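Everything quoted here is computed from the prediction, not taken from an experiment.
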Amino acid sequence: FFLFGGVVVDGDSLEPGRVVRFCLRLAVGGPAIGVVFGFGTLFLLLLAVRRFEEVDTTLQVVTTIVSAYMSFFVAEHVCASSGILSCVFCGLVLARYAPPLLTNPHTIHTVWSTLEFVANTLIFLLSGVLAMKAIITNRSGVVLKRDLPVALSVYAALNASRALMLLVVWPAIAALEDPKTKGAGKFLSRKEGCVMAWGGLRGAISLALAIVVTHDHYDHGKDTAKARRGAQLLFHVAVQAFLTLAVNGAAAGPLLRALG
């Protein structure tokens, strides 16, 4: 995202050497940092394993929260790597080794579920406010008569490309079912394929990335080309998120019932 975002917004080049270095820095550096933070978090959890002490449960909750955000911050802003991959691999390490150390898994799960709900709500709220601001602000670069038809065309192209991609990889998916080894793979039926092609929702992650680009190129309200492109990107991503939720999401139930 950031590689091609830099090309579109900043005019960066796609030289092979730069692309390889960029991918290695993100694909290798991010996971490595996440693994280090994961095992560091395990060590801290070992220091608070008294199951009947409420303070230890509180410490474990705080430790997991700090670990998640610090792994992202260090990878993204200190090491110029992938904060998302770092956070994911930190979570993978904890999911594999942390359960025996948790004093109250239910409490930790409840806290994280609440944080997830609040974060998702804030992302959708903020993206809606910024997208509407881009629409009503003359200097934002968003022109409804021009950009809305483009957004609708992109929505149709996204659905068509997803269906086409599924058709292309269908033989490979079907090959996973080995008739000699039951359970080695699951046959993908046509009904399941239809649901997969229709059910590709765009949500919090794409909106969050669009908000990042808009913020990075806001330039304190100045009417610059970068600020206008950032506002246009947020508008188009917000439209795709809205349409996939309002159309694909709303029609998913009737589609499932129709397919039986």
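- With hydrogens and angles disregarded, a donor-acceptor distance shorter than 3.5 Å links the side chain of S81 to the backbone of G30.
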Next item on the list: Let me see the working for I33 and F72 under side-chain contact (heavy atoms from CB on, under 4.5 Å), right down to the final yes or no.
Entry: CA-CA 9 Å; I33 295 169; F72 181 91; over 6 Å; no
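- Distance check, rounded to the nearest 0.5 Å: CG of L158 to CD of Q240 gives 5.5 Å.
- H109 places none of its side-chain heavy atoms less than 4.5 Å from the side chain of P105.
- Using a 4.5 Å cut-off between side-chain heavy atoms of Ile, Leu, Val, Met, Phe, Trp and Tyr, with links allowed through other members, V247 and L152 fall into the same hydrophobic cluster.
- Side-chain atoms of S71 do not come within 3.5 Å of backbone N or O of C90 as any donor-acceptor pair.
- Here the closest heavy-atom approach between residue A131 and residue A238 is recorded as CB-CB, 3.9 Å.
- Using a 4.5 Å cut-off on side-chain heavy atoms (C-beta onward), W112 and V61 make no contact.
- Taking all atoms of both residues into account, the shortest heavy-atom contact from E76 to I84 is OE1-N, 4.4 Å.
- Placement of V93 and L46 within a single hydrophobic cluster is found when ILVMFWY residues are connected by side-chain heavy-atom separations under 4.5 Å, directly or transitively.
- Heavy-atom contacts from other residues, nucleotides or ligands closer than 6.0 Å to NE2 of H77 number more than 12.
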Exercise answer: donor-acceptor pairs, residues 35-45 side-chain atoms, under 3.5 Å, sequence neighbours excluded:
residue: T41; atom: OG1; partner: F37; partner atom: O; Å: 2.7
residue: T41; atom: OG1; partner: S67; partner atom: OG; Å: 2.6

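- Q60 places a side-chain heavy atom less than 4.5 Å from the side chain of V49.
- Counting heavy atoms from C-beta on, the side chains of V78 and F73 come closer than 4.5 Å.
- P254 and A250 get closest at one heavy-atom pair: CD-O, 3.4 Å.
- Inter-residue side-chain proximity for V111 and I65 is flagged as met; some heavy-atom pair is nearer than 4.5 Å.
- Contact check for C79 versus V74: side-chain heavy atoms found under the 4.5 Å cut-off.
- Cluster membership for L167 and L259, using ILVMFWY side-chain heavy atoms within less than 4.5 angstrom, is not shared.
- Side-chain contact of T107 with T57: a donor-acceptor pair under 3.5 Å is absent, judged by distance alone.
- In the hydrophobic clustering of this structure, L47 does not group with M70; members are Ile, Leu, Val, Met, Phe, Trp, Tyr whose side-chain heavy atoms approach within less than 4.5 Å, directly or through other members.
- To the nearest 0.5 Å, atoms CE (M132) and CG (L234) are separated by 11.5 Å.
- Side-chain atoms of N104 and D56 include no donor-acceptor pair closer than 3.5 Å.
- The hydrophobic cluster analysis finds M165 isolated: no Ile, Leu, Val, Met, Phe, Trp or Tyr side chain comes under 4.5 Å of it, directly or through other members.
- To the nearest 0.5 Å, atom CG of residue N120 and atom CG of residue L125 are 12.5 Å apart.
- Taking both residues in full, the closest heavy atoms of G83 and A75 are given as CA-CB, 3.9 Å, listed atom of the first, atom of the second, then distance.
- By the 4.5 Å heavy-atom criterion applied to side chains, Q232 and R146 are counted as neighbours.
- Side chain of S127 to main chain of I123: a donor-acceptor pair is present (N/O by atom type, distance under 3.5 Å, no hydrogens or angles).
- The hydrophobic cluster containing L101 also contains I108, counting ILVMFWY residues as joined when their side-chain heavy atoms lie under 4.5 angstrom apart, directly or transitively.
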Item checked: Working for side-chain contact (heavy atoms from CB on, under 4.5 Å), residues F235 and L130 -> CA-CA 8 Å; F235 170 79; L130 292 176; over 6 Å; no
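- N248 places a side-chain N or O within donor-acceptor distance of the main-chain N or O of W198, the cut-off being under 3.5 Å.
- Looking at heavy atoms from C-beta onward, T103 lies out of side-chain contact with R50 at the 4.5 angstrom threshold.
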